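A short worksheet on the structure shown next.
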Amino acid sequence: MTDELILKEEDSTPKNDDRGMPWKILVVDDEEGVHQVTKLALKNFTFDNKRLKLLHAYSAAQALEYFTEYPDIAIVLLDVVMESEHAGLRLVKKIREDLKNITTRIVLRTGQPGQAPEREVIQNYDINDYKTKTELTANKLFTLMYATLRSYRDIITLEKSRKGLEKLIVASRGISSRGALAQFIRVTVEQLTHLLNIEETTIFSCKVTGYILLEQCLVVYSPDNPLGSSCINIADLPDGKQDIILSAITEQKNIFKKDKFVVYCSNNSQIVLFFAQINQVLSDLDIRLLNIFTENLIVTLENIQLNETITESQKEMVYRLGEVVESRSNETGNHVKRMAHYSELLALLVGLDKTEAELIKTASPMHDIGKIAIPDAILTKPGKLTPEEWVIVKMHPKRGYEMLKQSSLAVMNISAIIALTHHEKWDGTGYPEGLKGDDIHIYGRITAIADVFDALGSDRCYKAAWPLDKIISLFKKERGKHFDPLLTDLFLDNLDNFLAIKDKFFD
């Protein structure tokens, strides 16, 4: 049995996030008259401009059922003696200990104080007030409700703050590990939506879109619109959306409106915006959490920029070292660029993920780094090498491996593997260790095809470039001998894509 009363408090307390949802007051007493009197006494009661929902239970067992259905009961007006002399006190224990409910305010009302002495009850039971039914007049009940509801509201506010901070920590941790800008935006969109739902009773309908600002255009990311797939001119946005985004850009800060907000993040080179359309007004707590969250986003964005700078520096270093080696052997500098892109493409075709394929692309220019240890007279010799000279040349894979293997950088470790294994052959006739089949690391098998394809199609000091049909014939002949058969098939089936790379980086 429930009743609803309209409550309108005239104080200046901020509205709760769950405004419109009534405060739930549970009246527990086995006398019908007590329920009726309570309802009449609260008829003109007002608090925080919200509805009051009266729940009526006539036994401790029935009251416990209400707590199962309504865990957000604000106040219990609880009789002590009902189906048994201490039914009310046992219910207090169940609420606090079994249900782990520490937020509901429990007010004990008794018509038989001798059955539950006040001092003993207050000491031994986690209740918030003790009243005899005779002293709880309409005015006293009015005062009690104000004080107790204010206490409950403050506890709920603190609990929401705690939950919000927990979500803030989880959200920030989830984003801080994201090393790429697209991942950063995608995860931030997800976490912003999650962060606003501070608890189950506060449900925001929230649509978030991430943007990168490029002059007066916004590169868009949303779950159904991957980053970079479209670019929107700010002037083409609807007025309401345009105004708030321009305000965020101009003022360089978060902007919060009634039904929307913009989170503004920037570092030295990038500005990232997150626009959200919401169906509820943000509370002060929500705004505080979003501002703290933004500070964490800015730090993460700066870390991403630093990480990208370091990554690009590593790539540049690898390319330069690869070009130095190739220039010593009178080979073209673009050889390492073509090889890098060939290796990445083949890695993706065989099913390696984008991150691993990118690392192979970065590492592959170091495949011949061991040639630094080969004398110029042998390395640049235009004629056929002697058997003794060929033995020296075949040392370069191990020399390269020894140079790179001690590095703590992932790209250098992959470079070491490639340097050691790119001259091994599928049938076991390669060098330096005569590995066979799958015993050859996949990185080496990939790079072997990329290296031979580019070497055959390029002019070298000791030969002219081969025509394409002759190169294709060789790969078909060496399938399962020199080259991994699966990789060879993938290469030949996607030859046009490899030729497009060759044309892009033509000498």
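This structure is a prediction, so every number in the text was calculated from the model and none was measured.
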(message) Looking at Lys133 and Asp79, is any side-chain nitrogen of the basic one under 4.0 Å from a carboxylate oxygen of the acidic one?
(response) yes
Has Asp48 got a side-chain atom pairing as donor or acceptor with Lys50's backbone, closer than 3.5 angstrom? no
Considering residues, nucleotides and ligands other than Leu40, do more than 12 of their heavy atoms fall under 6.0 Å from its CG? yes
Short side-chain donor-acceptor distance under 3.5 Å, Thr104 and Arg96
no
Shortest non-hydrogen pair, Ala57 vs Leu26, comes out as CB-CD1, 4.1 Å
Closest non-hydrogen atoms of Lys253 and Glu251, given as atom of the first, atom of the second and distance, are CE-OE1, 2.8 Å
Subject >> Asp72 bridged to Lys24 by N-O distance under 4.0 Å >> reply: yes
Would you call the rings of Tyr146 and Phe142 parallel, tilted or perpendicular if under 30° counts as parallel and over 60° as perpendicular? tilted
message = If you define the side chain from C-beta out and look only at heavy atoms, does anything of Leu144 sit under 4.5 Å from Asp129?
response = yes
request  = Could you tell me whether the side chain of Arg338 reaches within less than 4.5 Å of the side chain of His335, counting heavy atoms only?
outcome  = yes
Would Asp454 and Lys502 pass as an ion pair if we require N to O under 4.0 Å? no
query = Does any non-hydrogen side-chain atom of Tyr58 lie less than 4.5 Å from one of Val28?
reply = no
Evaluate Lys140 against Thr143 for side chain to side chain contact (heavy atoms under 4.5 Å, CB included), listing each step before the verdict.
CA-CA 5 Å; Lys140 292 290 186 181; Thr143 301; 5.8 Å; no
Salt bridge (Lys or Arg N to Asp or Glu O under 4.0 Å) pairs touching residues 258-275, sequence neighbours excluded, are none
Item checked: Contact check, side chains of Phe261 and Leu290, non-hydrogen atoms, under 4.5 Å -> yes
dist Ile449:CD1 -> Phe498:CZ (nearest 0.5 Å) comes out at 8.0 Å
For Lys131 and Leu108, what are the C-alpha separation, side-chain angles and deciding distance, and is it a side chain to side chain contact (heavy atoms under 4.5 Å, CB included)? CA-CA 6 Å; Lys131 302 290 183 185; Leu108 212 61; over 6 Å; no
For Asn101 and Pro71 the tightest heavy-atom approach is ND2-O, 3.9 Å
Heavy atoms, side chains only, cut-off 4.5 Å: are Asp29 and His35 in contact?
-> yes
The reported gap from CG in Leu77 to NE2 in His56 (rounded to nearest 0.5 angstrom) is 10.5 Å
Tightest non-hydrogen contact, residues Leu78 and Gly88, listed as CD2-O, 3.4 Å
Between Ile360 and Glu344, is the side chain to side chain contact (heavy atoms under 4.5 Å, CB included) condition met? List the steps. CA-CA 6 Å; Ile360 293 172; Glu344 178 189 34; over 6 Å; no
Separation between CD (Gln242) and CG (Leu218), nearest 0.5 Å, reads 10.0 Å
CD1 of Ile287 to CD1 of Ile292, rounded to nearest 0.5 Å, is 12.5 Å
Rounded to the nearest 0.5 angstrom, the CG-OH distance for Leu91 and Tyr125 is 11.5 Å
Check: Does the separation of the ring centres of His441 and His422 fall below 6.0 angstrom?
Finding: no
For Ala363 and Ile418, the nearest pair of non-hydrogen atoms, with its separation, is CB-CD1, 4.1 Å
Item to complete: Please check if the side chain of Asn494 supplies one atom and the backbone of Leu490 the other of a donor-acceptor pair under 3.5 Å.
Response: yes
Start with the C-alpha distance between Thr110 and Val121, add both sets of side-chain angles, then the distance that settles side chain to side chain contact (heavy atoms under 4.5 Å, CB included), and finish with yes or no. CA-CA 12 Å; Thr110 180; Val121 170; over 6 Å; no
One should read off an interatomic distance between Leu486 CG and Leu349 CG, to the nearest 0.5 angstrom, of 10.0 Å
- Query: When the aromatic ring centroids of Tyr264 and Phe274 are compared, is their separation below 6.0 Å?
  - Reply: no
Next item on the list: Indicate yes or no: at least one non-hydrogen side-chain atom of Asn128 is less than 4.5 angstrom from one of Thr148.
Entry: no
#### Entry: Distance-only donor-acceptor check, side chains Tyr443 and Glu356, under 3.5 Å
yes
- Message: Would you say the ring centers of Phe491 and Phe453 fall short of 6.0 Å from each other?
- Response: yes
Query raised in the report: Are the side chains of Phe256 and Asn254 in touch, meaning some heavy atoms are under 4.5 Å apart?
Result: yes
* Do Val263 and Leu273 have side-chain heavy atoms sitting under 4.5 Å apart? -> no
